Amino acid sequence: MKQGKLLYAGKAKSVFRTDKKDTLIVEFRDDITAFDGGKKDTLKNKGSYNAGVSAFFFEYLEKYGVKTHFLRMLDERRMAVRTLSMIPLEVIVRNVAAGSIVRNYPFKEGTKLDPPVIVIDFKDDSRHDPMLNDDLIVALKLATPAELVKIKKIALEINRLLVTLLAKQGILLVDFKIEFGRQGKTICLGDEISMDSMRLWDKKTKESLDKDVYRFNKGDVMATYNLVAQRITKKEKAARPAAAKKKPAAKKKESGSKKPVVKSKAKKR
Ligand code: 5GP
């Protein structure tokens, strides 16, 4: 498969056409931004951490029946994905009050939200991603009422699966943002799920393990991304069939292209 023209460049990812109409390539760049692009940096190898974690989550969710755009990793930072017609909604699921919900509403940070709260923002940088409600979403023809029901149901299922997975690693899934697209009539999960789009706290220490480290200068961003990426993908690696371990070590060169897990190289960073 050949990479074609640049279709779209966002703040941290670029999307390319390929010679197949139904397949695109998403490249996770090393750029990181916060506060509507008000804070910007380039952090070496950040793209590969987010690509690895995203791919890991997509594969995990697919295994449990969630339809995603993920096809396969092409290298450390590029993934082949199904072409979707993206819906310009940012679907945020919150399990614990933090971030904008604490700034905008009388929630105390750290309060458990049970049941989880879904907030949907309009993906429109020029308007600073304003929050929507169901009536606005339908009036703006962003999604039909039936699609909205589906989107919320899938978002809650993704939340349930991710909360369970991360809890095993001692990580609390505070909140996360996901985006959906249509493939025909099917609603598929698109975009990414990474440290850039989630709020993760260490269960014991409540330490931030995500982009808040960058937003609020809480420490070494890349050291955090490296450690959390390893922590997230660790159990699954260990749980893989023993047969995988018995493979001869001769074909080292190819090992990265197939398994979307953070590789040992990452440990050096
Ligand atoms: P908040 O509304 O508290 O700023 O964000 C809630 C959650 O959604 C956080 O995990 C945050 O990282 C994610 N999120 C919200 N808006 C965006 C966005 O525009 N891009 C990304 N990557 N994540 C977002």
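Every value quoted in this text rests on a predicted model; they were computed, and no experiment measured them. One-based numbering, in listed order, for ligands and for the atoms of each.
- When Glu179, Arg215, Arg199, Met198 are ranked by how near their heavy atoms come to atom 5 (O) of ligand 1, first place goes to Arg199.
- Between Met1 and Asp19 the shortest side-chain heavy-atom distance falls below 4.5 Å.
- Applying the 4.0 Å criterion to heavy atoms of Asp196 picks out, from ligand 1, the atoms 12 (O), 21 (C), 22 (N), 23 (N).
- The neighbour count for Lys11 NZ, taken as heavy atoms of other residues, nucleotides or ligands under 6.0 Å away, is above 12.
- Scanning all protein heavy atoms for the shortest distance to atom 2 (O) of ligand 1 gives Ser100 OG, 2.5 Å.
- Comparing heavy-atom distances from atom 24 (C) of ligand 1 across Met195, Lys177, Lys11 singles out Lys177 as nearest.
- Against a heavy-atom cut-off of under 4.0 Å, Asp129 is close to the following atoms of ligand 1: 19 (O).
- Scanning the protein heavy atoms around atom 15 (C) of ligand 1, the nearest turns out to be Ile92 CD1, 4.0 Å.
- Partner of Asp191 under the side-chain hydrogen bond (donor to acceptor under 3.5 Å, both in side chains) criterion, out of Lys123, Lys177, His69: Lys177 alone.
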Inset, instruction - Go through the steps for Val93 and Ile158 under the test side-chain contact (heavy atoms from CB on, under 4.5 Å), then give the verdict. - result: CA-CA 9 Å; Val93 184; Ile158 291 171; over 6 Å; no

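- Test Asp31, Asp196, Asp30 against Lys46 for side-chain hydrogen bond (donor to acceptor under 3.5 Å, both in side chains) and you get one pass: Asp196.
- The parts of Asp175 lying near ligand 1 are both backbone and side chain, judged by heavy-atom distances below 4.0 Å.
- Per-residue contacts place Glu90 under 4.0 angstrom from the following atoms of ligand 1 (heavy atoms of the residue considered): 16 (N), 17 (C), 18 (C), 19 (O).
- The environment of Lys218 atom NZ is dense: over 12 non-hydrogen atoms of other residues, nucleotides or ligands sit within 6.0 angstrom.
- Taking every non-hydrogen atom of Gly99 and a distance limit under 4.0 Å, the qualifying atoms of ligand 1 come out as 3 (O).
- No side-chain heavy atom of Leu113 sits less than 4.5 Å from a side-chain heavy atom of Asp175.
- Residue Lys211 places no N or O, backbone or side chain, under 3.5 Å from any N or O of ligand 1.
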